[in-house]
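First listed ligand is number 1; within each ligand, the first listed atom is number 1. We're numbering straight along the sequence, starting at 1.
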Amino acid sequence: MSKKNKKDFLTLKDYDSKTISYLLDIAGDVKSDPLKYSKVLEGKNIALLFDKHSTRTRLSFEAGISQMGGNAIYLDAKNLQLSRGETHADTAKIFSLYLDAVVIRTFSHRTVEIFAEEGSIPVINGLTDMYHPCQVLSDLFTIKEAGLLSPGPKITYMGDSNNVTNSLMVGLSKLGIKITISSPSEYKPGQEIMKYIESIKGSNVSIVSDPVKAAEDADIVYTDVWISMGDAESDQKVKKLSSYQLNRELLSHAAKDVIIMHCLPAHRGEEITAEVLDGSNSIVLKQAENRLYAQKALLAYIFES
Ligand code: CP
Ligand code: NVA
């Protein structure tokens, strides 16, 4: 694969609706016929360079790569010369000598961009402070499986506006699907991402600060932690967000069969009650399971000849 033709996956911003739909189709195929993909990564070495904790992303990539005949190499960034000052650009060039792709979980989004620019292998964003595209690719697949990936249903994201929110807004907007974001004004999506969203043809994002209004008649309510990895702990923030907690009372305003989504890990009793997280309307385990199929689909697409 030449540097020019390599397929990076840094953010869904770089993907058009046709390619996103294609990836979702492959995910369905991977799920129903995994054996068809068992040799796709034969002879390929894929590193997972992680600067932050992970359970789902790490395991689903490691298992998925192995199921596709490839070799996953987990690297804790702390143990690399990176942590002693070797630059990202130099590291990217070295990775490109030995590896076929790299999945990176880190703080600054600029880091994954540098790897993509300086190296010659595909770079997959396994979460940065700005975006979590692997999560949202999988969530789009989960929403599609639930029969709700269309402009009709009301999809609400409630709580802190973070990397998952940004990717959700981008992914849904690319597909022409409306999303309501409900956060207190201090924690609503930033100007830069909103400007980008407005530039997407057919985008329809409403910012509704009143959580009851945002929950009203919602078919899907999605939430994520209030303090993301790398964020400072803040009692004030938690207090401000308390009326955005997914609990029985707030969800009584939603559609009767509302679907509850959370990328996990959850802080039970903070952004969501245990009763809601474990309740019959919650599809959080399906979301976690689908990470495997969506990422295998992404890898199949990246190495497609
Ligand atoms: N949802 C998600 O990315 O989980 P991990 O942080 O466990 O990878
Ligand atoms: N917003 C969360 C997502 C974790 C998967 C974080 O960045 O910590």
Student: Quick one: look up the protein heavy atom nearest atom 8 (O) of ligand 2 and list residue, atom name and how far away it is.
Tutor: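 Protein heavy atom at minimum distance: Met229 N, 2.8 Å.
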Student: Report yes or no: does Lys52 have a heavy atom closer than 4.0 Å to ligand 1?
Tutor: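 No, that is not the case, since the closest heavy atom of the residue is not under 4.0 Å from the ligand.
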Student: Report yes if some N/O of Ser54 lies less than 3.5 Å from some N/O of ligand 1; otherwise report no.
Tutor: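 Checking ligand 1 against Ser54, an N or O pair does fall under 3.5 Å apart.
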Student: Which residue supplies the protein heavy atom nearest to atom 4 (O) of ligand 1, what is that atom called, and how far is it?
Tutor: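 That would be Arg56 NE, 2.9 Å.
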Student: I'd like to check which ligand 2 atoms, numbered from 1 as shown, lie under 4.0 Å from a non-hydrogen atom of Asn162.
Tutor: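 Counting atoms of ligand 2 from 1, those under 4.0 Å from Asn162 are 1 (N).
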Student: With heavy-atom distances below 4.0 Å as the criterion, list the atoms of ligand 1 near His132.
Tutor: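 By the 4.0 Å cutoff, the relevant atoms are 2 (C), 3 (O).
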Student: More than 12 heavy atoms of other residues, nucleotides or ligands under 6.0 Å from NZ of Lys286: is that the case?
Tutor: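 No.
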Student: In terms of side-chain heavy atoms, does Asn163 have a donor or acceptor partner in Gln135 at a distance below 3.5 Å?
Tutor: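 No - no donor-acceptor pair under 3.5 Å links their side chains.
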Student: Indicate the ring-plane relationship of Phe9 and Tyr15, choosing parallel, tilted or perpendicular according to the 30° and 60° boundaries.
Tutor: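 Perpendicular: the ring planes of Phe9 and Tyr15 meet at over 60°.
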Student: Can a donor-acceptor pair be found between the side chains of Glu271 and Thr223 at a distance below 3.5 Å?
Tutor: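 The answer is no; no qualifying pair exists.
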Student: Of all the non-hydrogen atoms in the protein, which one sits nearest to atom 7 (O) of ligand 1, and at what distance?
Tutor: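 Its nearest protein heavy-atom neighbour is Thr55 N, 2.7 Å.
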Student: What protein heavy atom sits nearest atom 2 (C) of ligand 1, and how far away is it?
Tutor: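 Sorting protein heavy atoms by distance from atom 2 (C) of ligand 1 puts Arg291 NH1, 3.3 Å first.
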Student: N/O to N/O below 3.5 Å, does that happen between Leu264 and ligand 1?
Tutor: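 For ligand 1, there is an N or O atom that lies under 3.5 Å from one belonging to Leu264.
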Student: With atoms numbered from 1 as shown, which atoms in ligand 2 lie under 4.0 angstrom from a non-hydrogen atom of Leu127?
Tutor: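 That gives atoms 3 (C), 4 (C), 5 (C), 7 (O) of ligand 2.
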